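Everything below concerns the one structure shown next.
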Amino acid sequence: MPNVNVSLKDMQKLIGRKLSLAEFSEAVLYAKGEVDAVSGDEITVDVKDTNRPDLWSAEGIARELRARLGIEKGIPKYRVKKGRLSCTIEKSVEKTRPFIACALVKNVKVTEDFLIQMIQLQEKVGMTFGRRRKETGIGLYDFGKMKGPVFYRGCRDNEIEFVPLEYKVKMRPSEILKEHPKGKEFGHLLEGCERFPIVIDSKGIVASMPPIINSQETGKVTEKTREIFLEVTGFNWETVNTALNVMVMALADRGGQIESVKINFPKTKTYPKKPVHTPHFENKKIEVGLDEIREVSGLDLSSREIAKLLEKARYKATVKGRKVVAEYPAYRMDILHPVDVIEDVIISYGFEKVKPEPIKIAVMGQERPEAKKAELIRNVCVGLGLQGILTYTMSNKGKQAAMIGLDLEKEQFVELANPVSENYTVFRKQLFPELLEFLAANKHFAYPQKIYEVGKTVELDSKSETGVNEKNKVCIALCGKGAEFTVIKGVLDAIADNLGGKYSLKQCPMPALEQGKSASLSMDGKAGFFGEIEKSVLENFGLKQPTAILELEI
Amino acid sequence: MDLKQTASSLSAIEIKALKALNREEFISMKEISGKAGMQMDSARRAVQWLKEKGMIELSEERQEELALTQTGKSSLGKRLPERLFVEALQALGGKASLEQVQKKSQLNRPELNAAMGIAKRNAWISVRPGKGLELELTGLEKQLEEGKYPLENVLEEIAKKVEITGEDKNALQEAMKRGLVEKVLETEQKARLNKEGKEALKLVGAVKERAYNVEGAVPKIFIGKRQPYVQFLEQLRKKLVNLGFKEMKERLIVQEFYNFDVLFQPQNHPARAWTDTYQLKQPRFGKLPLRKAVAAVKAAHENGAGTGSKGWRYSWDEKIASRLMPNAHGTTADARQMAEGIEIPGKYFVINRCYRPDVIDAKHLVEFNQFDGFIVGKGINFRHLLSILEKIAVEVGGAEEVKFFPDYYPFTEPSVQLSAKHPKLGWIELAGGGVFRPEVVKPLGIDVGAIAWGMGIDRLAMLKLGVKDIRYLFAKDLNWLRNSKMVVE
């Protein structure tokens with residue numbers, strides 16, 4: 001789902017090999033990426049895996065491809081130098097946004113590609129993995145302008161003010177939430193909290209108010225920046241560390257040197273007892289049985305082959321009897337079950353090498369009764385010389401109520417909460433307005449026009465499990481000279497005669513139908529109605545020819 | 001037949017039309033019908049026949065024109081909801097709650113929501129949550145002052161057939177997005193006499209006797225037939241039944257439980273967000289009577305339900321799962337069928353209407369059909385999946401060659417994408433599939449291999465029907481339907 005923009009030139013530098021666009025497009029498929037668009041050197045890759053934030057940058061894609069192309073293998077290694085900087089979490093943030101993980105990256109050479117990728121990765125990780133910044137908010141700072149140690153503190157609205165990014169005046173947290181574009185967009189994440197989370201340095205300079213906005217003073221990485229301070233805040237220690245690692249790896253892939261930051265915790269139950277240095281690149285382990293691999297993949301692979309294939313997928317693998325122990329970097333939070341490892345084995349093996357195996361299951365096919373019935377009805381309609389049409393099941397109240405003489409305010413529909421177009425806001429309750437609209441769109445073609453549709457309508461029904469009643473219906477409309485009550489009743493008889501149904505009739509009080517030239521009917525327990533369309537309704541649709549309709553549940 | 005004979009066999013309307021035409025200039029059907037004093041369709045028919053007899057030349061001008069839709073026409077000359085909205089807010093002193101604005105403006109709920117969205121987008125108002133929503137004008141709403149709102153101008157210009165230029169182009173986009181304006185193809189046919197026609201014109205005066213021209217056109221007969229796309233779907237259904245698949249029930253409104261939760265999509269996942277699927281204003285919540293399945297799915301999300309998975313490790317909320325929505329993909333039917341109970345071994349399929357919020361154009365519909373299926377049985381694995389996908393691509397998709405690539409779905413692992421080489425389209429993405437994750441099937445008591453796939457069949461249908469615009473699958477054009485060929489397998 002995430003779309004990642006990369007430059008082919010930059011990509012080649014990161015991979016360390018020349019690749020043509022075609023070669024890149026092919027290789028990236030194995031990182032579940034697909035080239036969506038190309039403009040000059042710019043490539044948009046749709047990375048489909050929504051649980052692999054490590055792949056959502058040029059650096060991340062290159063990291064994966066280096067292994068797939070055989071340039072590297074095994075778990076990617078990152079050296080973290082133990083740093084002297086500390087960040088102290090104060091008790092005052094425990095209730096609003098308890099965790100922060102930090103890192104320092106030195107010797108970075110900030111180029112345009114670098115900036116583009118960092119902003120992109122920060123955005124994608126924050127929005128998708130971070131669930132729109134709720135679970136992880138990420139900040140990058142020019143450490144040259146900061147003075148350690150750093151504090152993560154909860155401040156009351158009247159205790160703090162700072163200049164938010166791209167602004168010129170100092171503002172209080174509440175003002176930022178009200179006025180700054182980012183405050184408006186993400187302000188709900190801090191709604192109702194008494195203390196606002198603030199990252200602040202030892203000189204008292206505010207770095208940011210996570211996860212909303214950085215300060216103008218230190219929260220801006222430019223081409224002059226040499227040392228970058230990173231922090232990720234959120235509610236889950238594991239999640240914030242994953243996001244931090246993903247960011248830090250990308251910076252290190254461009255030559256940055258990682259230094260850890262010591263996180264001091266307050267003494268409450270929420271936090272670990274002892275300080276922790278972040279980032280820490282831990283590995284995790286999962287055991288996968290050889291039989292399980294065979295069961296899912298259908299491939300007959302030896303444990304040694306499997307171990308080799310896993311190294312190509314950036315695992316470290318050791319064989320233990322009938323099992324393979326797969327060691328993987330902790331940021332692979334997508335690995336929930338051995339099947340996730342098995343897929344990586346098959347990808348490394350190569351989908352193109354897997355031989356399809358025919359299925360030998362002998363069972364009988366079966367149609368749904370309603371599908372069979374619909375087909376029968378269509379046969380009758382075709383026999384009656386009618387042209388089949390197909391319309392949308394979504395419609396609007398104008399067509400489904402006002403134009404057929406019903407009260408727009410009183411009629412209740414299954415209604416969309418987020419319509420895109422004013423034409424499609426509710427589900428249709430009746431088919432005939434859709435057929436009338438069809439006729440109205442075809443006034444310039446030869447008459448008579450005789451059409452039918454077999455389709456679904458949707459009505460509210462509080463007793464049903466899904467709150468609605470979906471009905472299968474047929475609707476027939478005759479339009480042109482001679483489209484009268486007697487003719488449409490003849491059509492009803494033809495259906496009843498050929499499908500063996502018996503019906504009973506009543507006067508029909510529907511405003512859309514001419515009084516005295518219409519009736520409601522019941523056939524084998526299914527309801528329907530037919531008759532001539534009332535003049536004002538014809539006018540509403542702009543129809544000039546007499547029109548008769550029949551609508552019947554099937 | 002020589003010219004004299006042909007001239008002698010002309011019908012009355014042909015002679016009338018011939019007399020209305022000349023050699024020098026092309027004239028339109030409207031003019032012909034006026035000059036000859038006959039109905040438009042008679043004039044058209046006469047011109048068609050004269051053309052077949054080689055007496056006239058035709059010119060056709062085809063152009064895309066902008067036209068107001070039904071909704072557009074009814075909005076014309078009226079005040080658009082967003083104007084009423086802003087005026088109401090102005091009348092309330094520039095600051096009020098949404099409820100007050102609704103009362104004042106008399107807008108109904110969907111209009112109100114749409115109007116607020118537009119006002120927000122144009123930064124006419126700022127919105128703050130309070131008791132309900134607190135709205136405040138920003139000052140930018142001044143651009144609404146009489147005659148200055150581009151959207152209204154655009155509607156009027158289109159009604160008057162004035163060309164849209166400059167700033168109004170953005171407004172035009174907006175109007176199209178909102179379904180107020182659409183593009184329609186208008187064809188104007190014009191005719192003039194050729195040399196033979198001019199000769200014939202001289203002759204018709206002299207001829208009296210009329211003989212039938214056996215090669216002449218006769219009135220057209222339109223037979224009863226199925227809508228071509230419907231016929232395509234019916235044939236597909238038959239084919240699958242013949243391949244041994246059981247058809248599942250199609251549902252338009254579904255619980256999120258089946259659309260997402262059974263399929264192991266975590267509840268806080270961004271793919272469940274507002275922009276990717278339609279949501280319902282009413283009804284909002286459904287029931288989940290399959291209690292065992294609900295408990296199993298809850299466990300799968302929270303702790304992996306003993307399947308060997310870690311699960312998503314969050315607190316799963318049944319209320320969210322019971323929310324109703326228009327069905328967003330075909331796999332929903334698989335989920336429901338598996339939760340209700342299946343035969344093992346078994347083969348199942350569905351052709352299901354699906355809904356996604358999108359802007360309708362030549363490539364996108366907000367309603368479309370997906371064909372989904374699954375197979376369960378002891379020993380069923382990834383290689384069987386490739387085999388069935390290949391079979392479907394060849395038998396249903398008419399593929400000459402197939403390729404498989406890794407793919408991602410929350411409910412399958414491994415997952416695969418099938419690309420097919422089609423004789424006309426070249427390589428296309430045709431279907432996606434995978435082995436159901438243990439977290440999906442095991443909690444539902446399915447302890448054997450289970451593979452599933454889905455494909456959007458609209459593109460295939462377009463190919464079979466020979467149309468380039470996806471809107472033709474729901475064609476509003478009676479002439480096209482009447483003249484369409486029956487779909488052959």
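Every chain is numbered from 1 and lettered A, B, ... according to where its sequence line falls, protein lines coming before strand lines. Owing to the predicted nature of the structure, the values given are computational and were not obtained by experimental measurement.
Checked by atom type, the side-chain pair A:E470/A:T457 shows no donor-acceptor distance below 3.5 Å. When only modelled atom types and interatomic distance are considered, A:Y392 and A:N423 share no side-chain donor-acceptor pair under 3.5 Å. Of the N and O atoms on the side chains of A:Q412 and B:Q282, at least one donor lies less than 3.5 Å from an acceptor on the other residue. Between the side chains of A:N236 and A:T239, at least one donor N or O lies within less than 3.5 Å of an accepting N or O. Between A:T391 and A:R428, the side chains place a donor N or O and an acceptor N or O closer than 3.5 Å (distance only, hydrogens not considered). Side-chain contact annotation: A:E465 with B:Q255, donor-acceptor N/O pair under 3.5 Å present. Remark: the A:R68 side chain and the A:S348 side chain contain an N/O donor-acceptor pair separated by less than 3.5 Å.
Highest contact tally toward chain A, considering only B:K347, B:R237, B:R482, is held by B:R482 [criterion: heavy-atom pairs under 4.5 Å]. Per-residue heavy-atom pair counts under 4.5 Å with chain B were compared for A:D334, A:V339, A:T425, A:V468, and the maximum is reached by A:V339. The candidate from A:G33, A:G542, A:A441, A:S297 with the greatest count of non-hydrogen atom pairs under 4.5 Å with chain B is A:S297. No other option in B:R128, B:E390, B:R437, B:E439 has as many heavy-atom pairs under 4.5 Å with chain A as B:R437. Ranked by heavy-atom pairs shorter than 4.5 Å toward chain B, the options A:E295, A:E352, A:M394, A:E409 are led by A:M394. In terms of non-hydrogen atom pairs under 4.5 Å with chain B, the most contact-rich of A:K32, A:M333, A:R368, A:E191 is A:R368. Taking chain B as the reference chain and counting heavy-atom pairs below 4.5 Å, the highest number among A:F427, A:F413, A:Y424 is found for A:F427. Among B:P283, B:P289, B:G286, B:G179, the residue making the largest number of heavy-atom pairs under 4.5 Å with chain A is B:P283. When A:A446, A:G298, A:G467 are compared by the number of non-hydrogen pairs under 4.5 Å with chain B, A:G298 comes out ahead. Taking B:K177, B:K220, B:Q70, B:E250 one by one and counting their heavy-atom pairs under 4.5 Å with chain A, the maximum is reached by B:E250.
For chain A, no part of B:I351 is nearby; none of its heavy atoms comes within less than 4.5 Å. When heavy atoms are compared at a cutoff of 4.5 Å, B:L243 does not approach chain A at all. Looking at B:V416, the atoms closer than 4.5 Å to chain A (heavy atoms on both sides) sit in the backbone and in the side chain alike. Heavy atoms closer than 4.5 Å to chain A are found nowhere in B:K403, neither backbone nor side chain. Heavy atoms closer than 4.5 Å to chain B are found nowhere in A:P369, neither backbone nor side chain. Heavy-atom distances place the side chain of B:F264, and not its backbone, under 4.5 Å from chain A. Both the backbone and the side chain of B:I253 have a heavy atom closer than 4.5 Å to some heavy atom of chain A. Within the 4.5 angstrom heavy-atom criterion, only backbone atoms of B:F245 (N, CA, C, O) approach chain A. Heavy atoms closer than 4.5 Å to chain A are found in the side chain of B:P438, but not in its backbone. If you measure heavy-atom distances from B:R178 to chain A, the contacts under 4.5 Å come from both the backbone and the side chain. Residue B:M40 does not touch chain A at all, counting heavy-atom pairs closer than 4.5 Å. In this structure, chain A has no heavy atom under 4.5 Å from any part of B:P81. Both the backbone and the side chain of B:N479 come within less than 4.5 Å of a heavy atom of chain A. Neither the backbone nor the side chain of B:S126 has a heavy atom closer than 4.5 Å to any heavy atom of chain A. Of the two parts of A:V296, the backbone and the side chain both hold a non-hydrogen atom closer than 4.5 Å to a non-hydrogen atom of chain B.
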Output, in order, the C-alpha distance, side-chain angles, deciding distance and verdict of salt bridge (Lys or Arg N to Asp or Glu O under 4.0 Å) for A:E415 and B:R109.
CA-CA 11 Å; A:E415 192 171 351; B:R109 209 63 209 193; over 6 Å; no
Chi angles and distances behind the side-chain hydrogen bond (donor to acceptor under 3.5 Å, both in side chains) call for B:Y258, B:N327:
CA-CA 9 Å; B:Y258 297 112; B:N327 180 50; over 6 Å; no
With a cut-off of 3.5 Å and sequence neighbours excluded, list every side-chain donor-acceptor pair involving residues 374-386 of chain A.
from	atom 1	to	atom 2	distance (Å)
A:E375	OE1	B:K238	NZ	2.7
A:E375	OE2	B:K238	NZ	3.4
A:R378	NH1	B:E234	OE2	2.6
A:N379	OD1	B:R226	NH1	3.2
A:N379	OD1	B:R226	NH2	2.7

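Within the cation-pi definition used here (under 6.0 Å to the ring centroid, within 45° of the axis), A:K353 does not qualify as a partner of A:F351. A cation-pi arrangement is absent between B:R323 and B:F285 under the rule of less than 6.0 angstrom and at most 45 degrees off the ring axis.
A:R52 meets the side-chain hydrogen bond (donor to acceptor under 3.5 Å, both in side chains) test with A:D54, A:E64; sequence neighbours excluded.
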